[in-house]
Amino acid sequence: MRITSAVTKILGHYESDNPGVKTNLARMLMHGELAGTGRMVILPIDQGFEHGPARCFAGNPDAYDPYFHYQMAVDAGFSAYAAPLGMIETGAATFAGAVPTILKMNSSNSLMSKDLAGDQAVTASVSDALRLGCSAIGFTIYPGSDASLDMFEEIRELTEEAKSCGLAVIIWSYPRGNISKAGETAIDVIAYGAHIACMLGAHIIKVKLPSAHLEQADAKAQYIAHNVPIDTLADRVRHVVQCCFNGKRIVVFSGGEAQDADSVLAEAQAIHEGGGNGSIIGRNCFKRPRDEALVMVKDIIHIYKN
Amino acid sequence: MRITSAVTKILGHYESDNPGVKTNLARMLMHGELAGTGRMVILPIDQGFEHGPARCFAGNPDAYDPYFHYQMAVDAGFSAYAAPLGMIETGAATFAGAVPTILKMNSSNSLMSKDLAGDQAVTASVSDALRLGCSAIGFTIYPGSDASLDMFEEIRELTEEAKSCGLAVIIWSYPRGNISKAGETAIDVIAYGAHIACMLGAHIIKVKLPSAHLEQADAKAQYIAHNVPIDTLADRVRHVVQCCFNGKRIVVFSGGEAQDADSVLAEAQAIHEGGGNGSIIGRNCFKRPRDEALVMVKDIIHIYKN
Amino acid sequence: MRITSAVTKILGHYESDNPGVKTNLARMLMHGELAGTGRMVILPIDQGFEHGPARCFAGNPDAYDPYFHYQMAVDAGFSAYAAPLGMIETGAATFAGAVPTILKMNSSNSLMSKDLAGDQAVTASVSDALRLGCSAIGFTIYPGSDASLDMFEEIRELTEEAKSCGLAVIIWSYPRGNISKAGETAIDVIAYGAHIACMLGAHIIKVKLPSAHLEQADAKAQYIAHNVPIDTLADRVRHVVQCCFNGKRIVVFSGGEAQDADSVLAEAQAIHEGGGNGSIIGRNCFKRPRDEALVMVKDIIHIYKN
Amino acid sequence: MRITSAVTKILGHYESDNPGVKTNLARMLMHGELAGTGRMVILPIDQGFEHGPARCFAGNPDAYDPYFHYQMAVDAGFSAYAAPLGMIETGAATFAGAVPTILKMNSSNSLMSKDLAGDQAVTASVSDALRLGCSAIGFTIYPGSDASLDMFEEIRELTEEAKSCGLAVIIWSYPRGNISKAGETAIDVIAYGAHIACMLGAHIIKVKLPSAHLEQADAKAQYIAHNVPIDTLADRVRHVVQCCFNGKRIVVFSGGEAQDADSVLAEAQAIHEGGGNGSIIGRNCFKRPRDEALVMVKDIIHIYKN
Amino acid sequence: MRITSAVTKILGHYESDNPGVKTNLARMLMHGELAGTGRMVILPIDQGFEHGPARCFAGNPDAYDPYFHYQMAVDAGFSAYAAPLGMIETGAATFAGAVPTILKMNSSNSLMSKDLAGDQAVTASVSDALRLGCSAIGFTIYPGSDASLDMFEEIRELTEEAKSCGLAVIIWSYPRGNISKAGETAIDVIAYGAHIACMLGAHIIKVKLPSAHLEQADAKAQYIAHNVPIDTLADRVRHVVQCCFNGKRIVVFSGGEAQDADSVLAEAQAIHEGGGNGSIIGRNCFKRPRDEALVMVKDIIHIYKN
């Protein structure tokens, strides 16, 4: 399949990147059921690390096996598959070339004290990503946390190294810490978190779907003064896209907790309408029986194709 | 245009620097409407990182797009354009050679706790500046903050590397922390902050416009004993210039919060009279409609040309 | 002896590793009385460091001598011998080639304050392992401790270096800190700790034998909802194996405190039934008279051979 | 001028140093009005960094200009001129070869919190010293402060690098922190601080002039038991020289606060009588009118010449 | 003198070390009055750094001069001379080849706060040891202190580098911190501290002479249960030797505070009987008149020769 004009346009936005990075962005944008559309669906499997294996996979024991997720990524037509070091290593040779992979470079976990909850451990390197044939590295930042400045400096170093090696950089931007619980998904905070990720040099930004809540007083005043449209989910997605350098950076959205398929599809519809580049779907995928998950992903893809 | 004697004189003050650094200083001093005058106007766009995107750009949505600022820098005849990594990357190829750029190497943000407010994250590298064709690196220090010694050590390392690569070094010196709110812009404190930046090896120093307040008792005694003139803004600018190695280092001033055009121009007039090298204008530029901003910058430049 | 199909199958699970790593895994899997079976018994001697020499060896003074343990490892047919730097150095030439060795890279001790008890000191390097002819490095992590994220980052770096040099990586995963005393061996916690070690890229995971206790509320809910079998020790071993990438990583179990031989053998039986890869036996070995220990290890090996 | 026997004898004490270091020591010992005498007068200008520019220079505005101090060092016949990075850079080419320079590598400042007052920031590198043609590096330690161990490790690294590059190392040893105010200049403390600097490998040690106060009980007992003469300033200088490896290291003394010329000369006389190697004079120089300062330095030199 | 069988046997215990390390161990074991006996007496002079110069040398002013100690080491027939950087540098060329030297790499001091008393500063490097012709590096650890894990990691790095360069490694193991004052010299604690030093890869271990006190409850139970003989000083020395890999590592003992000659000799006698490798004698040497010290060392050597 030849590179489409939609993808060519997107690649053009990464005008400072070397051909290696563009090649890896193209690999993800030209793979799976959404190949060539400029949209993406990404399968992330780091929940075993984040929440514990049984809490994630007890209801679907096949999912204890790393092959299960690789196969799901291939069969459902995902654009890429993201996971921590051990997960990628266990299937990287068997599934070599079958799906672009994203090495998730840092991870949190649910055993540690809440006091550490604003931080993560860096658990892989750019060299690991290269030797495992990955197309990109993934990294979580927590803007607002006490560890945030350190996390920004960690991803800065990894970003420089990754870009020099032709790898794409995906930042998961999850504000927390010096923010209320509702504020973590407030539209002003989500948009700000996405903007910070862009400023840090991310090629692809992953954020949670924002609510209509406004958290910061100074920002709230501006949203009201200028009537920024944030009533519908599509409005809010559109605003986040705007805050990602006016659409010059790819932004994808996650739903979070597992929920019914209709809700998932409604969210995808709103992302599509708001001009978001796609979805990142983990728990809503592997917490379903495989056949059910395949149908749901197919339906999501159908939305993005229109 | 040939190098003017005004610029030759300034370059002569950087007698320890290699030709690479002098070339990049010359690029900024010989660019834009003030080329050859020895004066500079710099456009800095890091407010989206510092304060959040909507808070900055909601009133002028074109400004969400990094191209907007590059184009403004070119059209208004700025001497240079300064921004963090992501902003520079997004336009560096399209605007290659159109305006000298300054890579802002560290950034604060408004999501984090006040406890961290005396620190910033380093978000770019000298290698980034080189691959993006920048003429200089920019770095903020907070003399007086608990993180100040660490920040001095960070910029020391970056300065050594930047100079060895022929890049100019610009320090934003913003005292805070162990200082009263009024003291942050007190003439003794601003002058001290500028002097520290000079001591750290900066080629260009950026400070806020100082008030006539005197913060530190030991310093105050000397200002009074020796009748140091600090009554007018021009007096205070002149004193800051003096504290920058008696004018042997370039010093530019920022106004801060957006305000009416007349105030901005009055400040530029005082900087001009006091022998300051110019203005750095961010919010007062992009928070206006583009046409209005272009007129205001033109008026500022007019002041410096006389 | 030719590589058996059992071993070939296991090596196949390490599909991302270079031939050097596979060779060293094979060395351990093809050595001693369990050679070729896919099972392992490992002799670890770091208790002198951890608890003090007299507390460990006063009852069996021959064990003060490092040769004693090397000889035990050889005579009892262990698969490998693990110890800290000084212990390995003292016998590495005399016993060169006699038994695969694992250099234990970090250690705790009983002199230090309880405040440090969630951390260990790194006391050896990958270069040390190479110059001493070791087949693997060993490293303890304490998931849940305040030092856990730092420990994950330490082993991440050592793992990358070890793998690039063809050394296998064994992680001792001992949750503690933000966990109740009973929780340290709770099945959900042990399984989670094993999963984290897998995620970090360990080739072999060492955990304590889990109890039927469930520590974390969110995990407990899933175990109950999905009727995960954890009643017998064999059930629990089976569940840990499942959490080690569905058996794609080798997992071995330790008993801990010295106890009567029947208990040790009953545990080995349960590990065997649950599909665990073997036992790691320290105090239960050297705290017995040598002849008694040899018999006990022989009996353990007998269990695993069936 | 040929190397004198006095200088040859001193150079002989640095028997472990390479010819590069000896050459730079010789440059300082063979320069200025005291060339060849084995005595030194050093001009240090870092007070603008330490105390603020106006507090230092408001009474003598010519001194805002870095050239002023270089010219003073040349005209007054100082042995060497010491200053931080920015000060040296601004005149290093114009005054190349005119006076040996010492790059002061770390600095404190008066804006920061007292909580940081036991520490300094490292603001230059050995590479900086080399590219600027310096003969030595200078570094302040605060024995007794909470940062003291870190400072010792910093200077250790810089010393190793400097010596390998043929640069001399000068340590400013200023005990403080875990010491009473009077104790900071107590003879036992000053002597101990000088001894520590020697132990750290300094070629030249700079201390404050000691008082007859005895600070530490265990030390005091020894001074009394053995009747160590410390009554006169010359006695105390002699004791400090003794504590500097029995005179095998160069030790120079500073007076501190500006004072009348007679006091300064009396101090020089005592240093001379006690066998100290010279004076380091900053504020007592630039806080005077230039002509007055030149006379005073001439008188000091006259004392050391006899 | 040809290598004796006693020395050959000892060198054989260092079976993992390269010929460079064995050569340097041999240099110390084949030097001075105890050459070839397998016993050692070491002269350590770091007390000026640790306690202050006058407190150490006021009673014997010749000892302010570094040559004094070098000459003492030579004249008294010591096996080696240990001192910090500055002390070694001052005599290393004059006494080149006259006595093996040990560069003491870290030091404490009596000016700093008790809060830092569980730590030391690293004040020299392996490169320093090499350029100064040393045979070994020396390093103090404080097992039990809050800084202990960091100290273990420091010596680990230095040990790896030193061994790779053919230098021997001597660890001063002084438990403190999380231990009672009496516990610092308790037999269980001293033996544990010696064992940790062995585990860290030391070639030679230096500990204080242990008392019959038992500090740790779990250890105490084992000493009692197994009737470990610790009544006499010789018994306790024998037990420490046992805990040093059953005598496969050299262990030497220090007495500490200056005391009468008979006590010093009685201690040496006990060390000799218990199979310890020798004494390390500082204050008991230089706090005496030189002639008296020479006699005392001669008497000690006489004990070890029998």
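Side chains included, hydrogens not; waters and symmetry mates left out as well; all remaining heavy atoms used. Order of the sequence lines sets the chain letters (A, B, ...), proteins ahead of strands, with each chain counted from 1.
- The heavy-atom pair separating C:Pro53 from E:His195 by the smallest distance is CG-CB, 3.7 Å.
- The salt bridge (Lys or Arg N to Asp or Glu O under 4.0 Å) test applied to C:Arg131 returns C:Glu89, C:Asp128, not counting sequence neighbours.
- Looking at every heavy atom in both residues, E:Glu160 comes nearest to C:Ser127 through OE2-CB, 3.1 Å.
- Two residues are said to be in side-chain contact when any heavy atoms from C-beta on lie closer than 4.5 Å; C:Asp65 and E:Gln242 fail this criterion.
- Closest of all the heavy-atom pairs between E:Ala219 and C:Arg55 is N-CD, 3.9 Å.
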Should C:Leu111 and E:Ile196 be marked as a side chain to side chain contact (heavy atoms under 4.5 Å, CB included) after you check the CA-CA gap, both sets of side-chain angles, and the distance that decides it? CA-CA 10 Å; C:Leu111 287 174; E:Ile196 286 177; 4.2 Å; yes

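- Using a 4.5 Å cut-off between non-hydrogen atoms, the part of residues 14-21 of chain E that approaches chain C consists of E:Glu15, E:Ser16.
- Between the CE atom in E:Met199 and the OG1 atom in C:Thr90 there is a gap of 8.5 Å [rounded to 0.5 Å].
- Interatomic distance, C:Phe57 CZ to E:Cys243 SG, rounded to the nearest 0.5 Å: 9.0 Å.
- E:Gln216 touches chain C through its side chain: at least one heavy atom from C-beta onward sits under 4.5 Å away, while N, CA, C and O do not.
- Contact annotation for E:Cys198: only backbone heavy atoms (N, CA, C, O) come within less than 4.5 Å of a heavy atom of chain C.
- For E:Tyr223, the part lying near chain C is the side chain, with the backbone staying farther off; criterion is any non-hydrogen pair under 4.5 Å.
- Residues meeting the salt bridge (Lys or Arg N to Asp or Glu O under 4.0 Å) test with C:Glu292, sequence neighbours left out: C:Arg288.
- With a threshold of 4.5 angstrom between heavy atoms, C:Asp119 approaches chain E through its backbone and through its side chain.
- Only the side chain of E:Lys163 comes within contact range of chain C, with at least one heavy atom under 4.5 Å from a heavy atom of that chain.
- Heavy-atom proximity under 4.5 angstrom to chain C picks out E:Pro143, E:Gly144, E:Ser145, E:Asp146, E:Ser148, E:Leu149, E:Phe152, E:Glu153 from residues 137-154 of chain E.
- For E:Lys248 and C:Tyr67, the positive end sits near the middle of the six-membered ring, less than 6.0 Å away and at most 45° from its axis.
- Of all heavy-atom pairs spanning E:Gln222 and C:Ala54, the tightest one is CB-O, 3.9 Å.
- Across C:Ser110 and E:Tyr192, no two heavy atoms sit closer than the pair N-OH, 2.8 Å.
- The part of C:Leu132 that comes within reach of chain E is its side chain, from C-beta onward, which places non-hydrogen atoms under 4.5 angstrom from that chain.
- The minimum heavy-atom distance linking C:Ser125 with E:Arg156 is given by the pair CB-NH1, 3.2 Å.
- Looking at E:Asn178 and C:Asp115, their side chains never come closer than 4.5 Å, going by heavy atoms from C-beta outward.
- Within the 4.5 Å cutoff, the side chain of C:Leu85 has no heavy atoms near those of the E:Leu200 side chain.
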